[in-house]
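So the structure is just underneath, and the comments pick up after that.
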Amino acid sequence: MVIKYQLIKESKECKARLGIVTTPHGSFETPVFMPVGTNATVKTLTKEELEAIGAEIILGNTYHLWIQPGNDVIKKAGGLHKFMNWPHSILTDSGGFQVFSLSDFRKIEEEGVIFRNHKNGDLLFLSPEQSIKIQKDLGSDIMMAFDECPPYPSTYEYMKTSVERTIRWAKRCLEENKGNEKQGLFAIVQGGEYEDLRKYCAEELKKYDFDGFAIGGLSVGEPKEIQNEVLTYTTPLLPEDKPRYLMGVGTPGMILDAVERGVDMFDCVLPTRIARHGAAMTHFGRLNMRNKKHEYDFTPLDSKCNCYTCKNYTKSYLRHLIKADEILGYRLLSIHNIQFLKDLMAEIRDAIKNDTFYELKERVYKEYGIEDGKDF
RNA sequence: GGUGGGGUAGCGAAGUGGCUAAACGCGGUGGACUGUAAAUCCACUCUCUCCGAGUUCGGCAGUUCGAAUCUGUCCCCCACCA
């Protein structure tokens, strides 16, 4: 296996687990949060800043890099690591999510998906083989299988058809990747809110030699209870000796819920996106830095945070930067928000180690003001 | 002093007889954001006892059923000429 997973400890309290994932570009402890860097950049941040935060693995995106600058450019640059100057691990999403999120126009066929370039309207065709070819050019450590991410809600009939196709596509990805000793490949379990379909999908995918397993099709607008329910019955179906990745989840409450059910890896655009929208994630809940109440507040963003931003700047200054639309404001908030989640993950790992997970979960829910249906 | 142009909500700026409490932009205030078409999007932004009502478009006086829009006059600003 290109990707190694070492299980360090299972929680005595719940399904949470502590592990170490090793890729060709390094290893990191899990549960882990992976910042999203779609366009070969974690928006606004440099490699040094990400390293200072302690990020060990980031995401890139097949679809976006395929249409710009083009996988050939990145291949010639020596791969995505060299291209973007990130010597640590990279996971690339397959483009499957863009089929879901991007286009009004798309036609899903057995062979692949026809859809339109969101920048210039060009007709594009993405298939499992094409996605893997691009990801090979990118040279990511972990590639994702090309899947279909069906919307919520979808009918059982549709979901069944979709899941069966996603399984066939996963096998084609595996076939296309045969002999690749440098990159790992994760399969994606779909099935929506239908337990038997999730089970079927997981059982089928488990038969093949994937390096890890993701749970997809969640965080697409379904209620939190459904997400938890799906995780409760899906995660135990996944191999214990491989990493488990919940795609697209990144609010503190949902991360805790998912870790509790045995998930190891997370990614989410939330910290970087809301930073650019002027919001900070703090131990006291979400702060909208545009708000007037921060005008004369000369204390740090988050008194419990030791990030670069909190060590050096005040709320008043950050509010000023955001209101003045100064780039530095968005950068400083991005640094803080990623650090915030990074630190939360460290706390989670400690809590698993010490079997104090529920204590932590309760505290975080209370401190962050997480309530039913409202998570950050 | 003369000639021309102009004074509209916090600012800029449309509107030139009824459909106008008045487009739009900025600013202001709040909200949203989940495998990134997102430094984006949404709402509110004259006053009030806010379903409804009341005062507005430099001031005053008129014309009219009805005026930000027409007339007179006064005040102020800008440009050019003396």
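Every chain is numbered from 1, with letters handed out A, B, ... down the list of sequences.
Ranked by how close their nearest RNA chain B nucleotide is to the 5' end, A/Arg276 and A/Val220 are led by A/Val220. When each of A/Val36 and A/Phe376 is assigned the nucleotide of RNA chain B bearing its nearest heavy atom, the one mapping closer to the 5' terminus is A/Phe376.
Within the 4.0 angstrom heavy-atom criterion, only backbone atoms of the sugar-phosphate kind lie near A/Leu270; the bases stay farther away. Among the heavy atoms of the strands, none lies under 4.0 Å from A/Gly37. Across all strands, A/Met144 comes closer than 4.0 Å to no nucleic acid atom at all (heavy-atom distances). At the heavy-atom level, A/Lys43 lies under 4.0 Å from base atoms of the strands shown. Residue-level contact check: A/Thr44 touches neither bases nor backbone, having no heavy atom under 4.0 Å from any strand.
Taking the P atoms as reference points, B/A23 lies 12 Å from B/C44, given to the whole Å. Rounded to whole Å, the separation between the C1' atoms of B/C50 and B/U55 comes to 15 Å. Look at the C1' atom in both B/C78 and B/A61: the space between them is 27 Å, to the nearest Å. With both ends at atom P, the span from B/C81 to B/G15 equals 30 Å, rounded to whole Å. Comparing B/G1 with B/G10, their P atoms are spaced 33 Å from each other, to the whole Å. B/C70 and B/A79 have their C1' atoms separated by 27 Å, with the value rounded to a whole Å. B/C33 and B/U40: their C1' atoms are spaced 9 Å apart (whole Å). Across the P atoms, B/G12 and B/G62 are found 32 Å apart, a figure rounded to whole Å.
For RNA chain B, the contact window with chain A, defined by any atom under 4.0 Å from a protein heavy atom, covers B/G28 to B/U40 in 5' to 3' order.
For B/A53, the paired nucleotide is B/U47, the pair qualifying as Watson-Crick or G-U wobble because both relevant distances are below 3.5 Å. Applying the Watson-Crick and G-U wobble criteria (two distances, each under 3.5 Å), B/G4 pairs with B/C78. If you check B/U69 for Watson-Crick or wobble pairing at under 3.5 angstrom, you find it has no partner at all. Nucleotide B/U16 forms no Watson-Crick or G-U wobble pair with any nucleotide shown, as no partner meets the under 3.5 Å limit on both distances. The partner of B/A32 is B/U40, by the rule that a Watson-Crick or G-U pair needs both atom distances under 3.5 Å.
Only A/Asp325, A/Ile327, A/Tyr330, listed by number, bring a heavy atom of residues 325-338 of chain A to less than 4.0 angstrom from any atom of RNA chain B. Near RNA chain B, defined here as any heavy-atom distance below 4.0 Å, the residues from residues 284-295 of chain A are A/Arg286, A/Asn288, A/Arg290, A/Asn291, A/Lys292, listed numerically. For RNA chain B, the residues of residues 187-210 of chain A within the heavy-atom distance limit of 4.0 Å (strictly under) are A/Ile188, A/Gln190, sorted by number.
Take A/Tyr317 and apply the ring-ring contact (aromatic ring centres under 6.0 Å, His included) test, not counting sequence neighbours, and it matches A/Tyr313. Residues satisfying the side chain to side chain contact (heavy atoms under 4.5 Å, CB included) test with A/Lys366, not counting sequence neighbours, are none. In this view, A/His81 and A/His25, A/Asp141 satisfy the side-chain hydrogen bond (donor to acceptor under 3.5 Å, both in side chains) rule, not counting sequence neighbours. Applying the side-chain hydrogen bond (donor to acceptor under 3.5 Å, both in side chains) test to A/Glu359 and every residue at least two apart in sequence or in another chain returns nothing. Applying the ring-ring contact (aromatic ring centres under 6.0 Å, His included) rule to A/Phe28 yields no partners; only residues at least two apart in sequence or on another chain are considered.
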May I have the list of side-chain donor-acceptor pairs in residues 273-282 of chain A shorter than 3.5 Å, sequence neighbours left out?
| from | atom 1 | to | atom 2 | distance (Å) |
| --- | --- | --- | --- | --- |
| A/Arg276 | NH1 | A/Thr272 | O | 2.9 |
| A/Thr282 | OG1 | A/Phe284 | N | 2.9 |
| A/Thr282 | OG1 | A/Gly285 | N | 3.4 |
| A/Thr282 | OG1 | A/Gly285 | O | 2.7 |

When the side chains of residues 241-253 of chain A are checked against the rest of the protein, which donor-acceptor pairs come out under 3.5 Å, sequence neighbours left out?
| from | atom 1 | to | atom 2 | distance (Å) |
| --- | --- | --- | --- | --- |
| A/Lys242 | NZ | A/Phe210 | O | 2.8 |
| A/Arg244 | NH1 | A/Gly262 | O | 3.0 |
| A/Arg244 | NH2 | A/Leu238 | O | 3.4 |
| A/Tyr245 | OH | A/Asp267 | OD1 | 2.7 |
| A/Thr251 | OG1 | A/Asp375 | OD2 | 2.5 |

Show me, pair by pair, the donor-acceptor contacts under 3.5 angstrom made by side chains of residues 319-329 of chain A, not counting sequence neighbours?
| from | atom 1 | to | atom 2 | distance (Å) |
| --- | --- | --- | --- | --- |
| A/Arg319 | NH1 | A/Arg290 | O | 2.5 |
| A/Arg319 | NH1 | A/Asn291 | O | 3.3 |
| A/Asp325 | OD1 | A/Tyr330 | OH | 2.4 |

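The aromatic rings of A/Tyr63 and A/His118 sit tilted relative to each other, their planes meeting at an angle between 30° and 60°. In this pair, A/Phe376 and A/Tyr368 present their aromatic rings perpendicular. The plane angle is above 60°, beyond the 30 to 60° band.
Under a hydrophobic-cluster definition in which Ile, Leu, Val, Met, Phe, Trp and Tyr are linked whenever side-chain heavy atoms come within less than 4.5 Å, directly or via other members, A/Val263 and A/Met144 are assigned to different clusters.
Contact check for A/Thr234 versus A/Leu231: no side-chain heavy atoms found under the 4.5 Å cut-off.
A 6.0 Å sphere centred on OH of A/Tyr296 holds no more than 12 heavy atoms belonging to other residues, nucleotides or ligands.
For A/Lys342 and A/Phe340, the positive end is not near the middle of the six-membered ring at less than 6.0 Å and at most 45° from its axis.
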Go through the steps for A/Met265 and A/Ile142 under the test side-chain contact (heavy atoms from CB on, under 4.5 Å), then give the verdict.
CA-CA 12 Å; A/Met265 300 165 69; A/Ile142 299 174; 4.1 Å; yes
